[in-house]
2 protein chains.
Amino acid sequence: MLSMKTQYAFKALMYMAQQEKQRPILIAEIADQKTIPLKFLENILLQLKKAGILNSKKGKGGGYLFAKNPAEVKLATVMRLIDGPISLLPCVSLHFYTKCKNCDENFCGLNKVMLQVRDASLAILENKTVSDIAGTQPLTELAGIKVE
Amino acid sequence: MLSMKTQYAFKALMYMAQQEKQRPILIAEIADQKTIPLKFLENILLQLKKAGILNSKKGKGGGYLFAKNPAEVKLATVMRLIDGPISLLPCVSLHFYTKCKNCDENFCGLNKVMLQVRDASLAILENKTVSDIAGTQPLTELAGIKVE
DNA sequence: CATATTGCGTTTTCATCGAGAGCATATAAG
DNA sequence: CTTATATGCTCTCGATGAAAACGCAATATG
């Protein structure tokens with residue numbers, strides 16, 4: 001299961017992407033609307049900012065903004081950022097691979113099955129983006145600049 | 001990711017299914033061959049027994065046996081038994097469903113995507129069995145009794 | 001400067017994971 | 001019936017991580 005942290009991240013990103021006008025959005029507003037603990041959400045948004053997904057502005061009129069077009073933020077990226085591996089076993093992970101002891105992967109039937117599961121999951125999670133789950137059209141501009 | 005407990009369970013089941021002759025297998029033998037902490041494995045096998053997957057015999061010549069044909073033990077069953085939900089969100093779980101607060105599932109894009117992921121995963125995990133990952137032919141007899 | 005807002009390290013609480021100890025119980029062999 | 005062999009069961013323990021709160025620093029606005 002996804003951690004609450006990742007679930008909160010998705011809810012926050014959805015909320016932000018669903019806004020009519022792109023404008024700095026307060027942490028407190030998101031926390032309030034989506035029932036997310038304020039200080040916890042603070043950490044989450046900061047982490048998304050450090051990963052280059054969001055931008056922030058301090059002081060009056062500040063808040064959080066998208067740094068990337070939400071149509072380019074893959075669900076898999078967010079999940080890996082916060083929860084780590086998407087795979088069910090370390091020995092089938094693309095981004096967090098570690099060998100399992102006492103097991104030759106070439107002859108491990110479990111490895112083969114979990115590879116299939118990973119591929120099936122990634123086929124979806126690498127192709128769906130924040131704007132898909134927000135149910136919005138891709139943005140046509142970002143911070144006032146037109147994007148393709 | 002699967003917990004160590006589930007990973008150990010799969011390794012133990014694979015080892016048991018790979019034996020030439022079906023015979024009572026000692027916990028200690030499995031622990032030794034697969035490098036699993038003895039007392040931890042004891043708990044795991046007991047749990048599999050209580051779920052009706054394994055049988056055990058005490059005393060000399062005792063050990064663990066399959067109660068079901070390994071070809072009938074689905075990976076999904078073992079995973080749910082030990083780790084709980086396979087789904088990534090509680091609101092898309094078949095066996096452990098709980099509603100998520102502040103979210104109408106009919107209009108939640110995240111819900112829809114995670115449903116897809118669940119279905120893709122279960123299509124594999126509900127159809128692969130212990131004998132698939134053990135790489136063995138299905139047993140032709142169980143406890144001396146012929147099975148189909 | 002006053003105020004609004006994010007940045008960030010620390011701490012707390014709690015549950016769960018992974019593991020081990022010790023004793024109880026059942027069974028087979030002699 | 002006794003002994004050795006195995007599993008059954010309960011309790012405990014430490015480490016880890018999840019979830020969340022606290023407090024203050026940094027920064028931007030006007």
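Computed over heavy atoms, backbone and side chain alike; hydrogens, waters and symmetry mates excluded. Lettering of chains follows the sequences in order, A, B, ..., and the numbering in each one begins at 1.
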Open item on the list: Can you build the contact string for nucleotides 15-27 of chain C? Use B for base contact, S for sugar-phosphate-only contact, and - for no protein heavy atom under 4.0 Å.
Closed with: ---SBBBB--BBB
TODO: Report yes if the side chains of A:Met79 and B:Leu88 come closer than 4.5 Å at any heavy-atom pair, otherwise no.
DONE: yes
Open item on the list: Could you check whether any side-chain heavy atom of A:Leu13 comes within less than 4.5 Å of a side-chain heavy atom of A:Leu54, counting everything from C-beta outward?
Closed with: yes
TODO: Using a 4.0 Å heavy-atom cut-off across all strands, classify A:Leu45 as base, sugar-phosphate, or nothing.
DONE: nothing
Task: Salt bridge B:Lys5-B:Glu42, side-chain N to carboxylate O under 4.0 Å - done: no
Open item on the list: Strictly below 4.0 Å, N to O, side chains only: are B:Glu126 and B:Arg118 in salt-bridge contact?
Closed with: no
Open item on the list: Please determine whether a side-chain nitrogen or oxygen atom of B:Ser56 lies at a distance below 4.0 Å from atom OP1 or OP2 of D:dG8.
Closed with: yes
In whole angstroms, how far is the [atom2] atom of [N] from the [atom1] atom of [X]?
X: A:Leu46; N: D:dA25; atom1: CG; atom2: C1'; answer: 14 Å
X: B:Ile44; N: D:dC9; atom1: CD1; atom2: P; answer: 16 Å
X: B:Asp32; N: D:dA6; atom1: CG; atom2: P; answer: 14 Å
X: A:Leu26; N: D:dA28; atom1: CG; atom2: P; answer: 16 Å
X: B:Lys49; N: D:dG8; atom1: NZ; atom2: C1'; answer: 8 Å
X: A:Glu29; N: C:dT6; atom1: CD; atom2: P; answer: 10 Å
X: A:Gln47; N: C:dT6; atom1: CD; atom2: C1'; answer: 16 Å
X: A:Ile27; N: C:dA4; atom1: CD1; atom2: P; answer: 16 Å

Task: Separation between NZ of A:Lys34 and CD of A:Gln7, rounded to the nearest 0.5 Å - done: 12.5 Å
TODO: Measure from the side-chain N and O atoms of A:Ser3 to the backbone N and O of A:Thr6, and report whether any donor-acceptor pair falls under 3.5 Å.
DONE: yes
